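Indexing begins at 1, ligand by ligand and atom by atom, following the structure's order. A quick note: this is a predicted structure, and the numbers were derived from the prediction, not measured.
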Amino acid sequence: MTDETHRATGDGGPELAAVVAAGTVDVPDFPQPGIVFKDLMPLFADGKAFRRVVDGIVEHYGAGTFDVVAGVEARGFVVAAAVAYATGTGVVPVRKAGKLPRAAYSASYALEYGEATLEVHRDAFVAGQRVLVVDDVLATGGTAGAAIDLVEQAGGTLAGFTVLMELAFLKGRERLAPREVHALLTV
Ligand code: AMP
């Protein structure tokens with residue numbers, strides 16, 4: 001167990017935070033110099049750890065508090081699909097520009113590294129449907145803000161926003177306030 005795993009904290013308690021920390025590899029200078037990329041692939045590949053974090057998200061929100069899960073491309077899809085399966089809900093992909101085949105809403109935003117545009121199908125939600133938005137990492141909050149805006153534009157109601165890991169120094173949580181952020185690990 002590394003020091004970081006020992007001291008792990010997050011909104012789901014120290015044990016869940018430690019599971020996320022243990023499944024993450026820091027990759028310095030990816031995708032560009034100065035960025036430490038948080039690679040969660042080892043967590044996804046570990047069946048026990050993956051189930052534990054998905055269960056942690058489901059336990060936090062409770063059965064019946066959301067109708068559909070929106071996952072942000074691409075790593076958000078992995079978690080969103082598992083949460084949806086575990087709760088008998090559906091998945092809506094929030095995709096990068098140009099990938100959706102039918103009429104879509106778009107939102108552009110600045111990333112920790114670069115710029116991006118996200119899209120969601122205009123008919124993705126039934127009006128008032130309660131949507132849990134899921135991504136892997138919260139950094140500056142630009143991605144999450146755009147995803148939440150798209151959900152609301154398409155008629156959904158935000159039921160929650162959850163990530164496996166939050167990079168607190170980039171203040172994404174503050175940017176998204178007063179919306180609640182649930183992060184299993186805060187670093
Ligand atoms: P942001 O919009 O700045 O909050 O960035 C969050 C989005 O970019 C998420 O979809 C993450 O997958 C990705 N991301 C940003 N920074 C990192 C990082 N340091 N490590 C891994 N993914 C990141």
When only distance counts, is [X] in polar contact with ligand 1, meaning an N/O pair under 3.5 Å?
X      : result
Asp136 : yes
Ile35  : no
Glu73  : no
Val36  : yes
Gly141 : yes

Is a side-chain N or O of [X] found less than 3.5 angstrom from the main chain of [Y], in a donor-acceptor match?
X      : Y      : value
Thr157 : Arg130 : no
Arg179 : Leu176 : yes
Glu152 : Asp149 : no

Could you list the donor-acceptor pairs under 3.5 angstrom formed by side chains in residues 88-104, with sequence neighbours left out?
from   : atom 1 : to     : atom 2 : distance (Å)
Thr89  : OG1    : Thr87  : OG1    : 3.0
Arg95  : NE     : Glu73  : OE1    : 3.0
Arg95  : NH2    : Glu73  : OE2    : 3.0
Arg102 : NH1    : Asp123 : OD1    : 3.1
Arg102 : NH1    : Asp123 : OD2    : 2.8
Arg102 : NH2    : His121 : ND1    : 3.4

Worksheet item: Between CG of Leu164 and NE2 of His182, what distance do you get to the nearest 0.5 Å?
Response: 10.0 Å
For a quick test of your reading: what N or O donor-acceptor pairs under 3.5 Å do the side chains of residues 56-64 make, sequence neighbours left out?
from  : atom 1 : to     : atom 2 : distance (Å)
His60 : NE2    : Glu180 : OE2    : 3.3
Tyr61 : OH     : Phe161 : O      : 3.3

Worksheet item: For ligand 1, which atoms sit closer than 4.0 Å to a heavy atom of Leu167?
Response: 19 (N)
Fill in: Where ligand 1 meets Thr140 - atom numbers and elements under 4.0 angstrom, heavy-atom basis
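Matching atoms, with element in brackets: 1 (P), 2 (O), 3 (O), 4 (O).
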Worksheet item: Under 4.0 Å from ligand 1, counting heavy atoms only, is it the side chain of Thr143, its backbone, both or neither?
Response: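 Near ligand 1, Thr143 shows its backbone as well as its side chain.
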